[in-house]
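All of these numbers come straight from a predicted model, not from anything done at the bench. As a basis for the values below, the full set of heavy atoms in this structure was taken, side chains included, without hydrogen atoms, waters or symmetry mates. All residue numbers in this chain count up from 1 along the given sequence.
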Amino acid sequence: DEMTPLSVLMFNNKCRPTQKIIEINRNILLKCISSSARLGQKQQQDQVHVPSSFLKALSSIPNVSVNTQKHDLEQHSKGESHHASRMLPSAVVYPKSTEAVRDVVRLCGDASISIVPFGAGTSVEGHVCCLEGGISMDLSHLNKIHLPQETGGEVIPLDDFHVTVDAGVRRLQLNNALRYTGMQFMVDPGADASIGGMVACGASGTSAVKYGTMRENILALRAVLPDGSIVQCGTNARKSSAGYDLLSLMCGSEGTLGVITEVTVKLHPLPSHVSAAVCVFDTLHEAAQAVTAMMMTGVSLDKCEILDEASIDAFNKYSADVDDLPVKPHLFLEFSGSTQVSVDEQVHLAQAICVEDFRCQNFQFTSNDDERNRMWKARHKLYYASLALRPGSQGIVTDACVPLSCLADIIDATSNDVHEMGVVGPCFGHAGDGNFHCILPILPESDTPDYLERVFEVNCRLSQRAIDVGGTVTGEHGVGSGKIGYLAKQYGVETVQMMVTIKRALDPKNIMNPQKVVSV
């Protein structure tokens, strides 16, 4: 089937990659990649027929808006990745409350019509593609932030260090609402994603080295299960050992087990003093080794990003408001503390390690907020900067995460593969937790089969290396449909079968975001 996700085609019926299977499917893979744009166009002409009576019933549900305009359907048919949509949803549904979500889910369950939850549309592994038609459930109208009432003055008390938000609240919206509290929500994936989507995909980002991922930054959530039940997972307490950890089950479930409608997230005090540093290295391997050394010696890092030469080249070309950097491997670091003295102590310790032990040529740091913010703003645009190296391209996004001791070898080998294969593929990522990305921009309608084959080879080698050292093929982007075929190789067939059993138990009709995470 030419529409099978690329990663699935790499595996035989036991989901174990073999060279023979890879060779047999190579031409099919290339055909899928090279025609993905055309497939997306063709698929947008297809819809699963739903009865007009169903659409009428949807429209009659209180606190629900329904849109069937083609523009809205197309907008909700794919995220930001290269993955082509099989077809358009039959309708986009906008619920305004948890109870409205429940009523929509019950109606879809009775009619056996698929539901694909949609947050901000920033996912990159085909999460929001409507692979079996159905409806797209846009949660953007669930956008309330449940802050306590002000007690006088501008400061809003948040003594418990958490706040409850609706799933459609965006990350920047939340932090803007918190501006008078002295607190912030610290998980920063770069994109202005929705909180519900970040939970569903198990997102993280540049700050995970200090504050952790979404899994470590949520206390509780409400969700609507496929049968219409409204469940509460977790509590407002900082810890609990009561029963199964359903909160962690829902985090990373990618809309396959239910629709998340409300989340209680942890907050952290805004640091009093912050400094950022930029370090230049001769080799990518030394830059990665410096990260491991800093972590082992206890340097307190808020952020720790690694960029190879290709990333710096893209960075320079795309970021007009930041001075050009030497086209060599870099580390971007950030430090914070309660006093400037404590911050400077960490900066100087990092500087000594980088310069004295790993031949860092240029270690510059600043505590100027404007300079620091410009640098991180440019770093967050590096995905788009990578695509801009090949104007009009779509990005194949890798998301390997490996044990920290293996990072230097794995990222160095991947960067070497990119050079040897003669493809465009900037490598960068969150070095402090072993997570990095190789962005492989492709032009599906004009790239030669030979070029696409080399892109595939880079992706295949990277994924296999990550698994071989006990790592994962996705550290923060999630599985979606794009990486579904790798799960059995990473965890084993029995573990994937356990996931399938959970999916079937909660969603026997398979209406919740089908063909994502596991195939049922």
Side-chain angles (χ1 to χ4, degrees), residues 7 81 123-125 127 187-191 193 198-217 248 251-254 284-285 287-292 294-296 301-308 311 331-332 379-380 382-383 386 395-415 417-418 425-440 458-480 482-492 495-496 517:
S7 54
S81 72
S123 59
V124 294
E125 287 296 346
H127 298 83
V187 182
D188 181 3
M198 291 172 67
V199 175
C201 292
S204 56
T206 56
S207 59
V209 64
K210 179 171 183 177
Y211 296 103
T213 71
M214 284 302 292
R215 293 184 187 277
E216 292 80 48
N217 281 276
S248 291
C251 184
S253 61
E254 302 182 18
L284 188 62
H285 196 270
Q289 284 184 313
V291 173
T292 303
M294 284 187 283
M295 300 293 288
M296 290 182 66
L301 297 167
D302 284 27
K303 299 177 182 179
C304 180
E305 299 293 291
I306 191 167
L307 295 82
D308 71 354
S311 298
L331 291 180
F332 287 6
R379 161 59 187 91
H380 283 319
L382 198 45
Y383 171 70
S386 300
I396 296 178
V397 183
T398 71
D399 184 34
C401 189
V402 299
L404 202 57
S405 62
C406 303
L407 176 64
D409 289 337
I410 299 291
I411 193 171
D412 197 31
T414 302
S415 185
D417 281 346
V418 168
C427 293
F428 58 91
H430 321 306
D433 47 31
N435 184 200
F436 74 96
H437 314 296
C438 179
I439 309 299
L440 298 161
V458 171
N459 191 10
C460 183
R461 290 184 185 183
L462 167 58
S463 300
Q464 190 60 53
R465 285 192 192 104
I467 292 172
D468 286 345
V469 299
T472 176
V473 295
T474 177
E476 59 184 8
H477 294 163
V479 176
K483 288 185 167 63
I484 194 171
Y486 287 101
L487 281 187
K489 178 62 178 175
Q490 180 172 311
Y491 291 127
T495 302
V496 173
V517 185

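- At a threshold of 4.5 Å between non-hydrogen side-chain atoms, the residues L284 and I306 count as touching.
- In this structure, I467 and K489 approach most closely via the heavy-atom pair CD1-CG, 3.6 Å.
- Aromatic ring pairs are classed by plane angle as parallel below 30°, tilted from 30° to 60° and perpendicular above 60°; the pair H477 and H437 is parallel.
- Looking at T472 and Q490, their side chains do bring a donor and an acceptor atom within 3.5 Å of each other.
- Evaluation of the salt bridge (Lys or Arg N to Asp or Glu O under 4.0 Å) rule for R461 yields D417, E457 as partners, not counting sequence neighbours.
- Under the 4.5 Å side-chain criterion, counting only non-hydrogen atoms from C-beta, P189 is in contact with M198.
- Taking 4.5 Å as the limit, some side-chain heavy atom of M294 sits within range of a side-chain heavy atom of L331.
- Nearest heavy-atom pair, V187 versus S207, reported as atom, atom and distance to 0.1 Å: CA-OG, 3.8 Å.
- In terms of the side chain to side chain contact (heavy atoms under 4.5 Å, CB included) criterion, residue partners of A400 (sequence neighbours excluded) are, by chain and number, F436, L462, A466.
- Only one option out of L382, V124, V397, I396 pairs with I439 in a side chain to side chain contact (heavy atoms under 4.5 Å, CB included); it is V397.
- The side chain to side chain contact (heavy atoms under 4.5 Å, CB included) check on S204 picks up A208, T213, E476, with sequence neighbours excluded.
- Pairing each heavy atom of L487 with each of V517, the nearest pair is CD1-O, 3.1 Å.
- A 4.5 Å side-chain heavy-atom check between V469 and I410 finds at least one atom pair inside the cut-off.
- With sequence neighbours left out, the ring pair (Phe, Tyr, Trp, His ring centres under 6.0 Å) criterion links Y211 to H268.
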### Task
Tell me, with the steps shown, if Q289 and L407 meet side-chain contact (heavy atoms from CB on, under 4.5 Å).
CA-CA 8 Å; Q289 284 184 313; L407 176 64; over 6 Å; no
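- Between C438 and L440, some side-chain heavy-atom pair lies under the 4.5 Å cut-off.
- D399 contributes atom CG, which lies 5.0 Å from atom CG of N435 (distance to the nearest 0.5 angstrom).
- Between T398 and S463 the shortest side-chain heavy-atom distance does not fall below 4.5 Å.
- Remark: side-chain polar atoms of S311 are paired, donor with acceptor, to backbone N or O of C427 under 3.5 angstrom.
- Distance alone, capped at 3.5 Å, places no donor-acceptor pair between the S415 side chain and the I411 backbone.
- Here K210 contributes atom NZ and L301 contributes atom CG; the two are 9.5 Å apart, rounded to the nearest 0.5 Å.
- The side-chain heavy atoms of H430 and T206, taken from C-beta on, include a pair separated by under 4.5 Å.
- The two atoms that bring F428 and S386 nearest to each other are CE2-OG, 3.8 Å, heavy atoms only.
- Scanning all heavy atoms of the two residues, the minimum distance from K483 to V473 falls at CE-O, 3.1 Å.
- By the side chain to side chain contact (heavy atoms under 4.5 Å, CB included) test, A191 pairs with T122, sequence neighbours left out.
- The shortest heavy-atom contact between R215 and S248 is NH1-O, 3.2 Å.
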### Task
Give the C-alpha distance, both sets of side-chain angles, the deciding distance and a yes or no for side-chain contact (heavy atoms from CB on, under 4.5 Å) between L404 and M296.
CA-CA 10 Å; L404 202 57; M296 290 182 66; over 6 Å; no
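- Remark: S405 pairs with P403 by the side chain to side chain contact (heavy atoms under 4.5 Å, CB included) rule, at least two apart or across chains.
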